[in-house]
Amino acid sequence: MRCPMLLTLIALGAATLPAAADDYPSRPIHAIASQGPGGLSDLFMRALGDQIGQALGTSIVVEDRAGAEGTIGAKACADAAPDGYTICILPGEAIVINPIIQPSDFDPSQRLVPVARPYYLTQMFAVSAALDIKSFADLAAQAKTKPFNYMAPSLSKVAFMEAFNKQNGIDIVRIPFKGGGDAVNAMLTGTTQIAIFGIGNLVSFIRDGKIVGLAIDGDQRSPLAPEIPTFKEVGYQEHIAATFFGIFAPAGTPKPIVDRLNAAIVAVESKPDFQQKFLINRGLTPVLESADAFSKELVADRAEGRAVVKASGLYPDVK
Amino acid sequence: MIETALAGLWYGFTVAFGPPFLLGFIPHNLMFCFIGVFVGNMVGVLPGMGPLATISILLPLTFGMKPVGAILMLGGVMYGAQYGGAICSILLNLPCHPPHAVTCLDGYPMTKQGRGGVALGLTVFASFVGASWGITEMVFLSPLLVKAALQFGPAEVCSLMLLGLLAGSTLARGSPLKGVAMTVLGLFLGSVGTDLETGSERYTFGMTELDDGIELIALALGLFGIAEFMNSVNQVAPINTKYTNVGLKDMRPSGAEFKRAFFPMWRGTIIGSLCSLIPGTGPTIASFVSYAAEKKISRHPEKFGTGLIEGVVCPEASTHSSVQGDFIPTMSLGIPGDAVMALLLGALMIQGIVPGPQLITQHPDIFWGLVASFWIGNIMLVLLNVPLIGIWVKMLAIPYKYLYPSAMFFVCIGVYAANNDFFQVGEVVVIGLFGYVLLRLGFHPAPILLGFVLGPRFEENFRRAMLISRGDIGVFVERPISAVFVALCILLIGSQIYFRLKGDKPRDLKPAGETKPVDIPRELSPQRVPATPAE
Amino acid sequence: MRPSHSTLRDLLAKRDFYAGGLMLLLGLGIALKGTTYRAGTLMHMGPGFLPTALGVVLVLIGIAIAAAALAPGESEGDESILPPHPQWWAWLCILMSPVCFIFFGRYFGMIPGTFMCVFVAALGDKGATWLSTIILSAIVTVFGVALFSYFLQVPMPVLTWRGGL
């Protein structure tokens with residue numbers, strides 16, 4: 001929705017006036033969640049909205065605009081008035097990868113400004129425990145004789161697997177899955193032996209001994225499964241882009257408002273009980289960084305994105 | 001094993017009825033269970049407002065609650081919504097969820113004959129029977145079912161779906177050929193949007209809004225709702241209101257009707273519980289297959305679709321048994337079958353509880369409390385719905401000229417609310433017009449929905465099976481479970497052809513009756529009255 | 001096919017002939033568009049594989065349905081495509097009702113959207129009068145907006161002015 005849910009003319013008057021940062025916010029903020037009800041970002045925004053009242057003195061109304069892997073939500077957000085009363089939470093792919101694989105006249109880097117990066121989705125490289133694989137070397141050795149399959153929803157992990165295949169002269173086949181639940185099921189039925197995805201879906205099976213984790217992405221180990229090393233620790237030095245979610249506002253939103261929002265979000269995320277409940281328990285790693293730092297990293301991510309898309313081999317048309 | 005299950009169940013009831021108490025005497029957990037089923041039931045009546053959106057809105061309320069109360073409430077929304085879903089299907093031909101599309105086939109004709117109350121009453125009863133069986137299964141058989149479910153790889157799921165599609169396409173009245181055509185069309189409509197494996201767009205014609213495919217609610221409400229309004233407007237007195245002013249006890253189904261409904265109810269229940277083994281699409285395939293099976297074994301298959309009570313209770317019992325069965329893999333393995341179940345697991349994770357195989361041993365209060373609450377919740381739903389039947393039936397006393405414009409609004413807002421997007425409302429117009437054309441050409445829309453719901457999962461599993469077998473199509477007959485389903489498919493097609501050939505070529509089954517499938521008003525033509533001009 | 005003794009006119013009056021024809025055309029369209037997508041191999045199936053196959057199946061079924069219509073002996077009964085009393089005006093009203101909902105809802109908010117949606121739909125009934133239609137629309141609007149906007153929190157502005165224009 002382009003216009004907030006408030007009574008007519010008052011809303012209209014407020015929207016057309018240049019937003020003043022000092023009396024911001026004076027009405028509820030609309031947050032567009034791009035994954036549909038129940039998605040990671042939808043739940044996170046609802047939890048955040050629940051808490052942000054104390055920091056900002058207003059509430060967050062979550063609107064679900066799912067579709068096209070975040071592009072629909074991103075467009076709806078970019079079309080809204082840049083007054084700080086509409087923000088959106090998007091998966092990193094919607095900003096970094098989608099414009100590369102589906103070039104269109106909508107350029108999220110021009111139409112949206114970064115506000116905050118609330119969390120990384122910590123992903124784990126997991127293999128079925130029935131195979132008795134303890135390391136990447138075991139895996140490469142077994143894959144020489146057995147027909148293995150893998151699933152990985154994020155492109156950077158697909159790129160990693162393709163490189164792993166080439167390096168070891170093996171052919172582990174990618175199987176596409178829609179959701180993590182199906183993929184766990186496939187690991188338990190033994191049809192897909194390897195999965196690289198969110199640790200939240202996997203942790204109980206690791207504790208149960210059905211699945212073995214070989215490595216996780218990111219810079220540090222996860223508090224959910226501290227015994228599993230990072231990719232770096234097991235010797236994969238090259239950068240594997242982590243999957244993140246970002247909060248954005250329409251381009252043109254005043255800088256003081258962006259900073260104000262960022263500070264409020266960081267303040268809520270710094271609370272230990274919020275962090276534990278809504279991030280760590282769900283396999284998410286909190287990021288506490290300023291809007292400026294986020295923008296800088298986004299630029300780097302975009303530069304890297306094209307290389308990742310090419311390395312994944314999924315989009316032969318991308319030059 | 002049975003003793004442990006019974007002990008667990010007893011423990012569950014103590015959790016549900018036990019402390020903490022509100023105001024000293026209202027059991028806290030029980031109250032949340034009631035709130036859940038009540039909200040779910042009410043929201044389930046409205047087209048478009050599914051359990052997913054409702055749970056998502058209620059979720060922030062649970063952040064401050066104890067985990068048991070929270071999961072009882074959110075689970076209640078899930079199965080409560082199923083009770084509500086049948087109401088619009090029977091009274092207005094508006095299926096809010098795909099499984100209930102089958103209920104429309106006989107439920108709406110019953111309403112037109114003034115027996116909507118009977119249909120609703122027996123539906124509530126059938127739902128309870130189905131759900132009770134689903135719960136019993138969860139208590140006593142879940143380890144067994146989990147083992148069985150783990151035998152289902154992509155090849156098995158694929159063959160089972162093929163069987164469901166074939167069985168489902170013969171369920172509507174009219175020639176089987178037309179039913180197959182509708183199933184194929186539904187499968188195609190399901191393939192519109194972004195391809196899962198390669199990410200390329202299919203048949204979207206450049207519209208970003210179609211990237212995620214055609215909206216299911218728009219398809220269901222367009223094909224059934226709008227097409228039916230176009231069919232009924234100004235045509236006949238579409239609903240016999242003769243019985244709408246009588247008291248509740250006259251609405252009660254007769255003993256004979258109970259007797260007729262009894263066995264179909266149980267057969268539907270069993271089929272439903274088997275179908276819950278396929279995660280995600282369980283209830284849809286269950287209701288279609290159980291209806292088709294009921295029609296096959298019936299002594300008067302030609303009467304299905306004209307308002308037969310068997311055709312209402314059997315898919316409903318099946319849906320409910322399958323919905324409760326869906327909780328088995330979710331709770332005992334931590335594998336969510338669909339988005340609603342994933343959301344429930346997410347709610348548990350926020351509470352710091354890791355769902356998975358150890359849930360029963362580590363958090364028995366949650367598992368057994370939830371199981372006990374299912375039973376309590378289903379009894380509450382029966383008590384809630386029986387008095388409501390009178391109100392729903394009274395609603396039909398509203399003249400059609402007021403009823404259908406109001407229903408148009410519910411269709412529009414329901415489709416809008418599904419994704420908060422006006423584009424989907426536009427889809428409804430196109431689909432509604434197309435649906436009416438199909439109706440006039442003698443096609444029945446129900447198999448389209450079946451194909452549409454199963455299509456993406458069928459394609460996904462087919463392609464997955466091919467990837468895993470490295471392109472060997474023989475995998476479907478090499479794996480024993482899959483081979484059984486393939487054999488059943490061949491048997492089904494063979495029997496159709498055999499009966500076709502056995503009878504005198506075109507007139508095997510009273511062709512006149514068979515080729516006039518949809519136009520119920522025509523069958524009611526003796527009662528036909530011109531629309532009354534305004535007073 | 002045995003030589004049909006019905007004339008072409010009779011044939012064209014058969015509903016199943018059109019039914020089969022429609023399926024044939026749809027199938028043809030689906031299959032032709034499907035060939036523009038990559039079909040892939042049996043192991044790595046492309047996005048075009050299944051839809052193209054479905055289109056071909058639909059063409060075959062369409063031919064079968066139309067051929068069955070050629071067989072004599074089924075012409076008794078009502079075989080016309082239009083119902084006995086076509087309701088062009090009412091049909092138009094029903095189809096325009098969501099369109100009004102989209103236009104007014106999008107640019108003016110939920111109250112005008114709801115009102116116009118019900119109003120236009122109700123005009124389709126032969127017995128509709130201006131007054132009864134307006135009263136009905138007003139009642140549904142009050143009830144609907146209270147339920148969906150305030151109670152169920154559907155995100156649509158209640159009232160706005162040329163929102164986003």
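At a 4.5 Å heavy-atom cutoff, the contact between B:Glu201 and chain A is made by side-chain atoms alone. Heavy atoms closer than 4.5 Å to chain B are found nowhere in A:Ala186, neither backbone nor side chain. Using a 4.5 Å cut-off between heavy atoms, A:Asp273 does not touch chain B at all. With a 4.5 Å cut-off on non-hydrogen atoms, A:Asp50 touches chain B through its side chain but not through its backbone.
Between B:Arg470 and A:Val173 there is a side-chain heavy-atom pair separated by less than 4.5 Å. Between A:Ile175 and B:Ile468 the shortest side-chain heavy-atom distance falls below 4.5 Å. Side-chain contact between B:Leu467 and A:Pro176 is present, with at least one heavy-atom pair separated by less than 4.5 Å. Contact annotation: the side chain of B:Leu343 approaches that of A:Leu43 to within less than 4.5 Å [non-hydrogen atoms, C-beta and beyond].
Within the 3.5 Å criterion, the main-chain N or O of B:Phe63 finds a donor-acceptor partner in the side chain of A:Lys277.
A distance of 10.5 Å separates CG of B:Leu61 from CZ of A:Arg46, quoted to the nearest 0.5 Å. Here the CG-CG distance, from B:Leu359 to A:Asp208, works out to 11.5 Å after rounding to the nearest 0.5 Å. Interatomic distance, A:Arg65 CZ to B:Asp421 CG, rounded to the nearest 0.5 Å: 4.5 Å. Within the model, atoms CG of A:Asn281 and CG of B:Leu348 stand 11.0 Å from one another, a figure rounded to the nearest 0.5 Å. From B:Leu345, atom CG reaches atom OG of A:Ser204 across 9.0 Å, with rounding to the nearest 0.5 Å.
Judged by a 6.0 Å distance limit and a 45° cone about the ring axis, B:Arg464 is positioned over the six-membered ring of A:Phe177.
In terms of heavy-atom pairs under 4.5 angstrom with chain A, the leader among B:Thr330, B:Leu150, B:Ile350 is B:Ile350. Chain A forms the most heavy-atom pairs under 4.5 Å with one residue out of B:Asp212, B:Asp211, B:Leu59, and that residue is B:Asp212.
Along residues 148-158 of chain A, the residues that come nearer than 4.5 angstrom to chain B, judged on non-hydrogen atoms, are A:Phe148, A:Asn149 in order of number.
Applying the side chain to side chain contact (heavy atoms under 4.5 Å, CB included) test to B:Ile481 and every residue at least two apart in sequence or in another chain returns B:Gln151, B:Phe152, B:Glu156, B:Phe485.
Scanning all heavy atoms of the two residues, the minimum distance from B:Pro154 to A:Thr191 falls at CD-CG2, 3.8 Å. Shortest non-hydrogen contact noted between A:Arg282 and B:Met349 is CA-CE, 3.9 Å.
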